[in-house]
Colleague: 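Before we start, here is the structure in question, set down as structure tokens.
Scope of the values below: all heavy atoms of this structure, side chains included, with no hydrogens, waters or symmetry mates.
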Amino acid sequence: MHKQQLRTSNSCAPTTPRPTIENFKQSLYSAQIIDKIGIKDIDWMAGVGNAAAHNLPEYEDDDVPQLFQRVTAFLVRFSVT
């Protein structure tokens, strides 16, 4: 996938009144901004974040540095200039 920037001109904003991460992910995929690997990456980040936020049994402290790295890389890759 090319380095692309998220812009409102992509017309990829979710149309639901209270969009979830799933709605945003599907909108980005439908607009061909992210690919299936991007979907899996978002799912992983959301899962780790949810496990940490709710102190779920699957939460592992070792996931936090990788979560930080992946979120930062995602934001850099798709930042709006």
Side-chain angles (χ1 to χ4, degrees):
M1 181 170 74
H2 301 76
K3 180 175 180 181
Q4 298 180 10
Q5 295 178 340
L6 304 179
R7 298 179 187 270
T8 54
S9 63
N10 286 324
S11 300
C12 65
T15 57
T16 58
R18 293 185 57 168
T20 64
I21 194 164
E22 184 67 27
N23 300 126
F24 281 104
K25 181 180 72 178
Q26 289 304 320
S27 293
L28 293 171
Y29 182 71
S30 294
Q32 298 181 343
I33 295 170
I34 62 171
D35 56 14
K36 289 184 180 185
I37 293 171
I39 285 178
K40 293 207 176 278
D41 201 34
I42 291 170
D43 286 341
W44 183 87
M45 291 185 287
V48 172
N50 188 54
H54 299 285
N55 200 24
L56 300 177
E58 61 268 20
Y59 170 74
E60 296 182 18
D61 288 342
D62 293 341
D63 289 336
V64 174
Q66 188 176 7
L67 176 62
F68 178 78
Q69 180 183 32
R70 287 168 98 168
V71 168
T72 302
F74 186 88
L75 292 173
V76 167
R77 185 172 187 184
F78 298 106
S79 66
V80 176
T81 56

Colleague: Can you measure from CG (D35) to CG (L28) and round to the nearest 0.5 angstrom?
Modeller: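 Those atoms lie 11.5 Å apart.
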Colleague: Kindly compute the distance separating CG (D63) from CZ (R70), expressed to the nearest 0.5 Å.
Modeller: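 Answer for the CG-CZ pair, D63 versus R70, is 9.0 Å.
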Colleague: Nearest heavy-atom pair of I33 and F78: which atoms, and what distance?
Modeller: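 Of all heavy-atom pairs spanning I33 and F78, the closest is O-CE2, 3.7 Å.
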Colleague: Determine whether L56 and I21 fall in the same hydrophobic cluster, where Ile, Leu, Val, Met, Phe, Trp and Tyr are linked whenever their side-chain heavy atoms lie under 4.5 Å apart.
Modeller: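 No, separate clusters.
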Colleague: Identify the heavy atoms of T20 and N23 that sit nearest to each other, and give their distance.
Modeller: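 Heavy atoms only, the tightest pair is N-OD1, 2.7 Å.
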Colleague: Starting at CZ of F74, measure out to CD1 of I34 and round the result to the nearest 0.5 Å.
Modeller: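 If we round to the nearest 0.5 Å, F74:CZ and I34:CD1 are 6.0 Å apart.
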Colleague: Taking CD in E58 as the centre, count heavy atoms belonging to other residues, nucleotides or ligands within less than 6.0 Å. Is the count above 12?
Modeller: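 For E58, atom CD is crowded (more than 12 foreign heavy atoms under 6.0 Å).
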Colleague: Might you point out which heavy atoms bring T72 and F68 nearest each other, and give the distance in Å?
Modeller: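 Result for this residue pair: OG1-O, 2.8 Å.
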Colleague: Would you give the length of the straight line joining atom NZ of K40 to atom CE of M45, rounded to the nearest 0.5 angstrom?
Modeller: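 It comes to 13.5 Å.
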Colleague: Which heavy atom of Y59 sits nearest a heavy atom of A51, and at what distance?
Modeller: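 In this case the closest contact between Y59 and A51 is CB-O, 3.7 Å.
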Colleague: To the nearest 0.5 Å, what is the distance between CD1 (I42) and CD (E22)?
Modeller: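 Spacing of CD1 (I42) from CD (E22) equals 9.5 Å.
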Colleague: May I ask you to test the E60-V48 pair for a side-chain heavy-atom distance under 4.5 Å?
Modeller: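 No. Closest side-chain heavy atoms not under 4.5 Å.
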Colleague: Output the distance between atom CZ (R77) and atom CG (D41), rounded to the nearest 0.5 Å.
Modeller: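 It comes to 9.0 Å.
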Colleague: Heavy-atom count check: over 12 atoms from other residues, nucleotides or ligands less than 6.0 Å from L75 CG?
Modeller: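 Check passes, neighbour count above 12.
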Colleague: According to a hydrophobic-cluster definition based on side-chain heavy atoms being under 4.5 Å apart (Ile, Leu, Val, Met, Phe, Trp, Tyr only), do V71 and V64 belong together?
Modeller: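 No, because V71 and V64 fall into different hydrophobic clusters, even though each may have its own neighbours under 4.5 Å.
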